[in-house]
Structures are given as C-alpha cells and as structure tokens.
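Heads up: numbering here begins at 1 and tracks the sequence. All figures in this text were calculated on a predicted structure; none of them were measured in a lab.
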Amino acid sequence: MSKSSNLYKDILTGVFFTVGVFGFMSGEFMLSTLLFGAATIASNLDFSGSFRA
C-alpha cells in the first residue's frame, strides 16, 4: 500500500470516528452507530489490492 493511500484511509477513518464521537455525545445514537461502523469498515479495506474477475 502506498503512503498516500494509507494517509487517505487514516484521514477517512479518523473523520468517521471523530464525527461518530460527537454524534454520540449529542444524543444521535443511530447516526453515531452508523459512523462507527463506517470507520470500522474503512479501516479494514485494502484500497491498493488488484481485482480479479
């Protein structure tokens, strides 16, 4: 994985997590659950892998 791909993945995961925490603190529990799930999925994706049919 290249550095720029790692950087974008880390930024995306951090944004999802941070907004999820703020959503949780404001009482938006369904939105925060969705954002925590998105952060989990984004942290586990491999954007640089090759695709095969």
Side-chain angles (χ1 to χ4, degrees):
M1 208 182 250
S2 66
K3 282 189 173 189
S4 64
S5 181
N6 278 337
L7 178 65
Y8 294 141
K9 185 173 111 173
D10 290 343
I11 290 172
L12 180 71
T13 304
V15 166
F16 282 152
F17 185 77
T18 304
V19 174
V21 168
F22 286 133
F24 185 80
M25 290 189 313
S26 68
E28 295 289 334
F29 299 116
M30 292 187 69
L31 178 66
S32 66
T33 302
L34 177 79
L35 289 168
F36 287 140
T40 302
I41 291 170
S43 69
N44 289 320
L45 288 179
D46 183 17
F47 293 113
S48 67
S50 62
F51 295 101
R52 293 184 182 177

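- Counted within 6.0 Å of CE on Met30, heavy atoms from surrounding residues, nucleotides or ligands total 12 or fewer; the atom is thus considered open.
- Around the CZ atom of Phe36, the shell of radius 6.0 Å holds more than 12 heavy atoms that belong to other residues, nucleotides or ligands.
- Hydrophobic clustering keeps Leu35 apart from Phe24 (ILVMFWY residues linked when any side-chain heavy atoms are closer than 4.5 Å, directly or through intermediates).
- Under the 4.5 Å side-chain heavy-atom criterion for grouping Ile, Leu, Val, Met, Phe, Trp and Tyr, Phe16 is not connected to Phe29 through any hydrophobic cluster.
- Here Thr18 contributes atom OG1 and Ile11 contributes atom CD1; the two are 11.5 Å apart, rounded to the nearest 0.5 Å.
- Heavy-atom minimum distance, Ser32 versus Gly20: CB-O, 3.2 Å.
- Summarising the geometry, atom OG1 belonging to Thr13 is positioned 11.0 Å from atom CD1 belonging to Ile41; distances are rounded to the nearest 0.5 Å.
- By the rule that hydrophobic residues join a cluster once side-chain heavy atoms approach within less than 4.5 Å of another member, Leu31 and Val15 end up as members of one cluster.
- Considering OG1 of Thr33 and CD of Glu28, their distance stands at 10.5 Å, rounded to 0.5 Å.
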